[in-house]
Amino acid sequence: MTIFEGRGLTVKYGAVVALEDVDIALEPGVVHGVIGPNGAGKSTFIDALSGRKRPSSGRVLLNGGEITRRSVRWRRGNGISRSFQRTSVFGSMTVGEQLEMVARKNDEPDLDGILGTLGLDEIRDRVCSEIAYGTQRSVDLAIALIGGPRVVLLDEPCAGLVADESVRMLQHVRDLCKERDVAALLVEHDVDGVFRTCDVITVLDLGKVLATGDPAQVRADEKVIRAYLGSAA
């Protein structure tokens with residue numbers, strides 16, 4: 001059952017078309033990956049879905065109701081959460097202080113469960129500026145999941161991580177979304193990680209959808225191989 005949709009999303013910057021007639025449908029418990037070469041429109045796409053950028057045309061829907069003009073704050077308050085490429089932690093606060101602050105604002109009943117799943121319970125009292133960058137990314141993921149969002153838009157959660165950290169992060173994403181029945185959109189440059197983690201993958205190229213399907217279908221798509229994956233696919 002589809003819970004969150006983008007229909008015919010188009011974003012223009014003057015005469016430049018950054019995104020053209022893109023559709024996507026997210027379902028609870030399903031991790032939907034979005035990949036593509038640099039300049040494919042991935043960041044513009046997630047900005048349009050999250051409310052940071054109003055599309056030139058097209059619609060965004062939550063449970064079938066249009067929310068295209070709704071603000072970022074409204075979306076967060078109605079179950080649509082988003083993470084960013086850069087960490088958003090407050091360096092002077094402890095891990096616990098920061099997450100507890102967000103939990104109070106978003107009525108999170110199971111903060112301990114999130115901390116435990118992400119392995120953050122043991123560093124709850126550590127100041128964020130003193131923890132490793134990979135752990136800061138886990139704090140970002142925790143923030144996105146606080147408040148029981150129904151939809152989570154993840155913008156390159158593995159940015160800046162080494163291979164082992166990326167594997168752990170994406171496993172956390174998959175486990176938490178499955179356990180909490182969250183509809184997840186994952187924009188990520190770690191292509192192998194996306195194919196390993198996601199149930200459905202959409203490939204963007206020059207602002208348009210090149211292919212959508214399960215990992216096996218997308219990996220075998222000749223258009224995707226030519227435009228993005230190459231012969232090593």
Side-chain angles (χ1 to χ4, degrees), residues 3-4 26-35 42-43 46 49-50 76 79-91 93-103 106 108-202 214-215:
I3 184 174
F4 186 68
L26 304 184
E27 300 179 10
V30 175
V31 183
H32 192 131
V34 176
I35 59 175
K42 302 185 296 297
S43 294
I46 201 169
L49 291 173
S50 67
R76 185 64 168 96
I80 303 169
S81 180
R82 184 212 169 138
S83 72
F84 293 87
Q85 293 178 23
R86 296 184 177 181
T87 59
S88 55
V89 301
F90 294 103
M93 300 178 71
T94 67
V95 171
E97 287 170 344
Q98 181 159 191
L99 295 179
E100 287 160 11
M101 177 183 68
V102 179
N106 292 279
E108 171 55 52
D110 187 29
L111 180 59
D112 287 342
I114 295 175
L115 286 163
T117 301
L118 291 171
L120 297 173
D121 44 357
E122 296 180 358
I123 61 165
R124 193 170 190 149
D125 296 327
R126 293 278 303 278
V127 176
C128 287
S129 62
E130 297 176 354
I131 62 177
Y133 181 75
T135 309
Q136 291 182 14
R137 300 298 298 184
S138 292
V139 174
D140 276 331
L141 179 57
I143 290 171
L145 289 165
I146 283 175
R150 294 168 288 168
V151 179
V152 176
L153 309 174
L154 301 172
D155 192 359
E156 297 189 29
C158 298
L161 301 186
V162 298
D164 289 348
E165 292 174 329
S166 181
V167 168
R168 287 194 296 273
M169 173 61 73
L170 292 179
Q171 188 60 53
H172 285 324
V173 168
R174 184 169 179 83
D175 289 348
L176 283 162
C177 290
K178 298 295 182 182
E179 290 169 8
R180 291 171 169 254
D181 204 30
V182 172
L185 178 77
L186 174 65
V187 173
E188 183 54 60
H189 278 294
D190 180 355
V191 176
D192 289 338
V194 169
F195 277 98
R196 186 173 58 247
T197 303
C198 296
D199 304 291
V200 183
I201 298 172
T202 291
D214 65 41

If you look at every heavy atom in [X] and [Y], which pair is closest and at what distance?
| X | Y | result |
| --- | --- | --- |
| S83 | A144 | CB-CB, 4.4 Å |
| M101 | F90 | CE-CE1, 4.0 Å |
| I143 | R76 | O-NH2, 3.0 Å |
| A142 | L120 | CB-CD1, 4.1 Å |
| V194 | G33 | CG1-CA, 4.3 Å |

List in chain and number order the residues that pass salt bridge (charged side-chain N to carboxylate O under 4.0 Å, His left out) with [X], two or more places apart in sequence or in another chain; answer none if no residue qualifies.
| X | result |
| --- | --- |
| D121 | none |
| E97 | none |
| D181 | none |
| R180 | D110 |

Validation row: [X], [Y] side chains within 4.5 angstrom (heavy atoms):
| X | Y | answer |
| --- | --- | --- |
| L141 | L154 | yes |
| V182 | L176 | no |
| R124 | L99 | no |
| I114 | E108 | yes |
| L185 | F4 | no |
| T135 | V89 | no |

Exercise for review: Kindly check if the number of other-residue, nucleotide or ligand heavy atoms within 6.0 Å of OH (Y133) is above 12?
Suggested key: yes
**Study point:** Nearest-0.5 Å distance, OG of residue S81 to CG of residue N106
**Key:**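 S81 atom OG to N106 atom CG measures 8.0 Å (nearest 0.5 Å).
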Check your understanding: How long is the span from the CD1 atom in I131 to the OG atom in S138, to the nearest 0.5 Å?
Key ->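 Going from CD1 on I131 over to OG on S138, the span is 8.0 Å.
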Exercise for review: Applying side chain to side chain donor-acceptor pair (under 3.5 Å), name anything that partners T202, two or more places apart in sequence or on another chain.
Suggested key: H32, T212
Whether [X] side chain and [Y] backbone form a donor-acceptor pair below 3.5 Å:
| X | Y | result |
| --- | --- | --- |
| Q136 | C128 | yes |
| T94 | D125 | no |
| E188 | C158 | yes |
| R137 | P157 | yes |

Review point. Where do L49 and R82 land on the side-chain contact (heavy atoms from CB on, under 4.5 Å) test, with the steps shown first?
Key: CA-CA 10 Å; L49 291 173; R82 184 212 169 138; over 6 Å; no
Practice item. Give the intermediate values and the outcome of side-chain contact (heavy atoms from CB on, under 4.5 Å) for residues L145 and T117. Key: CA-CA 12 Å; L145 289 165; T117 301; over 6 Å; no
Review point. Going by an N to O cut-off under 4.0 Å, is there a salt bridge joining R174 and D199?
Key: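 A salt bridge is present here (some side-chain N lies under 4.0 Å from a carboxylate O).
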Show which side-chain atoms of residues 161-171 pair as donor or acceptor with protein atoms under 3.5 Å away, not counting sequence neighbours.
| unit_1 | atom_1 | unit_2 | atom_2 | d |
| --- | --- | --- | --- | --- |
| E165 | OE1 | V162 | N | 3.1 |
| S166 | OG | D190 | OD2 | 2.6 |
| Q171 | NE2 | D175 | OD1 | 2.8 |

